[in-house]
Amino acid sequence: MSDQILKAQVLKAQVRKAHALRALHTPGAPLVLFNCWDAGSAKAIAAAGAQAIATASWAVAAANGYEDGEHVPRDLAIANIARIARAVALPVTVDLERGYGATPTEVADTVAQAIRAGAVGCNLEDGIAAGGLRDPGEQALRLQAARNAADRLDVPLFINARTDGFLLTAPFEHDDALLDATLARARVYAAHGADGLFVPGLVDAALIERLVQASPLPVNLMAAAGTPPLATLRALGVARLSHGPGPYLQAMRALEDAARGVAA
């Protein structure tokens, strides 16, 4: 078999996985993602019956001895994506944090590398390293660059636009004004290539309902203390629920407990 034919077959399989991931984002029937951090954890989650595999940047960083926030070298992050994608047959969506780049061009390069490594979805967040949120117009250019990179590779990448307004605001300050600001960002992001809206930190059922009803994009939440039960999220129309660093923390606690038992 020629290299050209093999590459065509690999691309066809990746496109099929990308379409499968997109189809899993159904409001009212949320895709539940138990996030992994390496090939081994991805295989375990797949064996448990997962529909797709997702990484969590915090967990990937911790598993490799780094702090979260793009402290993991990009080459290491991309190599990790490739190992995960080779280890499982499921669609793989990856946490690319801020896109590992100061400019839209650099973000596009990161996204292209992630796709070549086997990813069919990604998160791109609008938080900035110094704290706070990036200007929505600037973030729109970064999202559009990511979309253009995917289009050039002929892979319908599912771009999950993460916005951190609720995560960066104390829960007692979560209100309609913050929701309106989030929706304004969602509209801008949807017009520049985003496929989903990821709003970590939002747990209030009334605000979730309003967000889902008004968002131009399917809504992704992150499981945390206070998050409504899955049945409630279904009724509210949520399309995706991620578990972020929770699975890694749970696994490390179990490992630590087991190690203590051996040493006792």
Chemist: Start with the C-alpha distance between D195 and R147, add both sets of side-chain angles, then the distance that settles side-chain contact (heavy atoms from CB on, under 4.5 Å), and finish with yes or no.
Modeler: CA-CA 10 Å; D195 300 295; R147 171 55 60 211; 2.4 Å; yes
Chemist: Any non-hydrogen side-chain atom of Y248 less than 4.5 Å from a side-chain atom of S41?
Modeler: no
Chemist: Ignoring hydrogens and angles, tell me if any N or O in the side chain of H243 forms a donor-acceptor pair with the backbone of N35 under 3.5 Å.
Modeler: no
Chemist: Do you know the tightest heavy-atom contact between A145 and P104?
Modeler: CB-O, 3.3 Å
Chemist: If we only count heavy atoms from C-beta on, is the L207 to F166 side-chain gap below 4.5 Å?
Modeler: yes
Chemist: Is there a path of hydrophobic side-chain contacts, each under 4.5 Å between heavy atoms, that joins L76 and I78?
Modeler: no
Chemist: Any chain of hydrophobic side-chain contacts (each under 4.5 Å) joining L124 to I81?
Modeler: yes
Chemist: Got R185 and L133 here, is their nearest side-chain heavy-atom distance under 4.5 Å?
Modeler: yes
Chemist: Do NZ/NE/NH1/NH2 and the carboxylate oxygens of R210 and D176 come within less than 4.0 Å?
Modeler: yes
Chemist: Considering non-hydrogen atoms only, spot the tightest contact between C122 and T93 and give its length.
Modeler: N-OG1, 3.3 Å
Chemist: If hydrophobic clusters are built by linking Ile, Leu, Val, Met, Phe, Trp and Tyr wherever their side-chain heavy atoms come under 4.5 Å apart, do V219 and L241 end up in the same one?
Modeler: yes
Chemist: Looking at CD1 of I45 and CG of L90, how far apart are the two atoms once the value is rounded to the nearest 0.5 Å?
Modeler: 10.5 Å
Chemist: Give a yes or no answer on whether the side chain of Q250 reaches the backbone of G246 with a donor-acceptor pair at less than 3.5 Å.
Modeler: no
Chemist: Using 0.5 Å steps for rounding, measure from the CD atom of Q14 to the CG atom of L157.
Modeler: 9.0 Å
Chemist: Would L211 and L31 show up in the same hydrophobic cluster when neighbours are defined by side-chain heavy atoms closer than 4.5 Å?
Modeler: no
Chemist: On a heavy-atom basis, which atom in G244 and which in P247 lie closest, and how many Å separate them?
Modeler: O-CD, 3.3 Å
Chemist: Yes or no on side chain to side chain donor-acceptor pair (under 3.5 Å) for S242 and N220, after CA distance, side-chain angles and deciding distance?
Modeler: CA-CA 7 Å; S242 305; N220 177 190; 3.3 Å; yes
Chemist: Nearest 0.5 Å, please: how far is CG in L179 from OG in S215?
Modeler: 9.5 Å
Chemist: Taking all non-hydrogen atoms of both residues into account, name the closest pair between G193 and Q144 and its distance.
Modeler: N-OE1, 4.2 Å
Chemist: Nearest heavy-atom pair of A186 and L217: which atoms, and what distance?
Modeler: O-CD1, 4.0 Å
Chemist: Is there side-chain contact between M222 and T227, with at least one heavy-atom pair below 4.5 Å?
Modeler: no
Chemist: Kindly compute the distance separating CG (L178) from CD (E173), expressed to the nearest 0.5 Å.
Modeler: 9.0 Å
Chemist: Group every Ile, Leu, Val, Met, Phe, Trp and Tyr by side-chain heavy-atom contacts under 4.5 Å, then state whether V94 and F34 land in the same group.
Modeler: yes
Chemist: Would you check if the side chain of E70 reaches a backbone N or O of Y100 as a donor-acceptor pair within less than 3.5 Å?
Modeler: yes
Chemist: Which of these passes side chain to side chain contact (heavy atoms under 4.5 Å, CB included) with L143: V111, D126, I159, V107?
Modeler: I159
Chemist: Which distance, rounded to the nearest 0.5 Å, do you find between the CG of D154 and the CD1 of I115?
Modeler: 10.0 Å
Chemist: Taking C-beta and beyond as the side chain, do L249 and W58 meet within less than 4.5 Å on heavy atoms?
Modeler: yes
Chemist: Tell me, do E256 and M252 make a side-chain contact under 4.5 Å, heavy atoms counted?
Modeler: no
Chemist: Nearest 0.5 angstrom please: E97 CD to H71 NE2, how far?
Modeler: 8.5 Å
Chemist: Could you tell me whether a side-chain N or O of D38 sits under 3.5 Å from a main-chain N or O of G40, the two making a donor and an acceptor?
Modeler: yes
Chemist: Does a donor on one side chain sit under 3.5 Å from an acceptor on the other, for D95 and N123?
Modeler: no
Chemist: Are the side chains of P245 and W37 in touch, meaning some heavy atoms are under 4.5 Å apart?
Modeler: no
Chemist: Less than 4.5 Å apart, any side-chain heavy atom of N160 and any of R240?
Modeler: yes
Chemist: Give me the atom names and distance for the closest heavy-atom approach of A140 to Y189.
Modeler: N-CE2, 4.4 Å
Chemist: When you check the gap from the basic side-chain N to the acidic O, do R142 and E138 get nearer than 4.0 Å?
Modeler: no
